[in-house]
Amino acid sequence: MSGKPERYSRLAGIYPWLETFVFGRKLRLARIALLGKVKRPRRVLLLGDTEARMLRALHRRFALREATGVEFSEGMLARAIVRAEQAEVDQTVDLHWHLADAREWDFPEQAYDLVVTTFFLDLFTPEEVRQIVARLSRALKPGGQWLEVDFDPSAPWGSRWRRGASYRFFRWAVDLYPQELPPTEQIATEAGFQVEQRWRDSGHECRALLLSLATADSASTVRA
């Protein structure tokens, strides 16, 4: 992952404040925009879920039974665990936490009904995103879904300043090197995913995609 884990750890306590200061409620709304379209999951994998925000939102909606969180920063992971405990999610959900880089973590085969990536894949180069998408596609059960939330690459020029400011800050703070959004939707399509639902905010700054792996029947329909 781009950036140094120990530097991310130093930001763990102030990251929510920074997000709200720069983007207001936009990122929070993007995270939950498509939850109503998600099929009730039994096992969930969350990648880079800072503050366990998606974990808590999913649990409120679906009363999760089992969830796995992967985070490469020790400080961010500790913060997610604390936030899950404060919300008492750990009292009813079988939680599994892993301190690992998503490019190197051993994704279990066909293990999850839902994989969630929220403002996560923009931290990687296009080639790294291809590697991660290939891994998470194998981790999904047949019929599983992938909820992908990130900045919108189609944002008009006047709406990109916040994203640019965010990248400049993280380049200084954590040694972040990607400066442009990877073509995640294109990469997902190349990997066999199809978009079930799409959401954009009014300013086209953020977008959410709900994807599933194309079946043989759906693929033939698309080609036709």
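Every value quoted in this text rests on a predicted model; they were computed, and no experiment measured them. In what follows, residues are counted from 1 in the order of the sequence shown.
Considering all non-hydrogen atoms of both residues, Asp49 and Ala80 come closest at O-CB, 4.0 Å. Between Leu114 and Leu147, the shortest heavy-atom contact is CD1-N, 4.1 Å. Between Phe107 and Ala102, the closest heavy-atom pair is CE1-O, 3.3 Å. Residues Ala57 and Ile32 come closest through the heavy atom pair CB-CG2, 4.2 Å. Taking both residues in full, the closest heavy atoms of Leu211 and Ala188 are given as CD2-CB, 3.9 Å, listed atom of the first, atom of the second, then distance. Of all heavy-atom pairs spanning Thr118 and Met54, the tightest one is CG2-CG, 3.4 Å.
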| task | Determine, step by step, whether Leu95 and Leu55 satisfy the side-chain contact (heavy atoms from CB on, under 4.5 Å) criterion, reporting the C-alpha distance in whole Å, the side-chain angles of both residues, the deciding distance to 0.1 Å, and the verdict. | result | CA-CA 10 Å; Leu95 294 177; Leu55 172 63; 4.0 Å; yes

| task | Let me see the working for Leu46 and Leu58 under side-chain contact (heavy atoms from CB on, under 4.5 Å), right down to the final yes or no. | result | CA-CA 11 Å; Leu46 303 111; Leu58 286 165; 4.0 Å; yes

| request: Apply side-chain contact (heavy atoms from CB on, under 4.5 Å) to Phe62 and Val38, showing your working. | output: CA-CA 10 Å; Phe62 298 113; Val38 172; 4.0 Å; yes

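Note that CG of Leu210 is 11.0 Å distant from CH2 of Trp146, once rounded to the nearest 0.5 Å. From Leu136, atom CG reaches atom CZ of Phe193 across 5.0 Å, with rounding to the nearest 0.5 Å. With values rounded to the nearest 0.5 angstrom, Ile81 atom CD1 is found 13.5 Å from Met76 atom CE. Leu123 CG to Leu47 CG: the interatomic distance, rounded to the nearest 0.5 Å, is 11.5 Å. Distance CZ/Arg130 to CD1/Ile187: 4.5 Å, rounded to 0.5 Å.
Partners of His96 by ring-ring contact (aromatic ring centres under 6.0 Å, His included), not counting sequence neighbours: none found. For Trp199, the ring-ring contact (aromatic ring centres under 6.0 Å, His included) test picks out no residue, with sequence neighbours left out. Listed by chain and number, the residues in a side chain to side chain contact (heavy atoms under 4.5 Å, CB included) with Gln110 are Pro142 (sequence neighbours excluded). In this structure Leu29 satisfies the side chain to side chain contact (heavy atoms under 4.5 Å, CB included) test together with Arg25, sequence neighbours excluded. Listed by chain and number, the residues in a side-chain hydrogen bond (donor to acceptor under 3.5 Å, both in side chains) with Arg207 are Glu148 (sequence neighbours excluded). For Arg198, the side-chain hydrogen bond (donor to acceptor under 3.5 Å, both in side chains) test picks out Glu185, with sequence neighbours left out. Listed by chain and residue number, nothing satisfies the side-chain hydrogen bond (donor to acceptor under 3.5 Å, both in side chains) test with Arg56 (two or more places apart in sequence, or in another chain). For Arg200, the salt bridge (charged side-chain N to carboxylate O under 4.0 Å, His left out) partners are Asp152, not counting sequence neighbours. The side-chain hydrogen bond (donor to acceptor under 3.5 Å, both in side chains) test applied to Ser212 returns Glu196, not counting sequence neighbours.
For the salt bridge (charged side-chain N to carboxylate O under 4.0 Å, His left out) condition, the pairs that include at least one residue of residues 108-120, sequence neighbours left out, are Glu109-Arg138, Asp113-Lys141. Residues in residues 35-48 take part in these side-chain hydrogen bond (donor to acceptor under 3.5 Å, both in side chains) pairs, two or more places apart or across chains: Arg43-Glu66.
Without hydrogens or angle criteria, Arg28 side chain to Arg53 main chain gives no donor-acceptor distance under 3.5 Å. Within the 3.5 Å criterion, the main-chain N or O of Asp122 finds a donor-acceptor partner in the side chain of Asp150.
In this structure, the side chains of Val149 and Phe120 stay at 4.5 Å or more apart for every pair of heavy atoms.
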Using distance only, find each side-chain donor-acceptor pair of residues 85-92 under 3.5 Å and give its atom names and separation, not counting sequence neighbours.
unit_1, atom_1, unit_2, atom_2, d
Gln86, OE1, Arg83, NH1, 2.7
Thr92, OG1, His59, NE2, 3.0

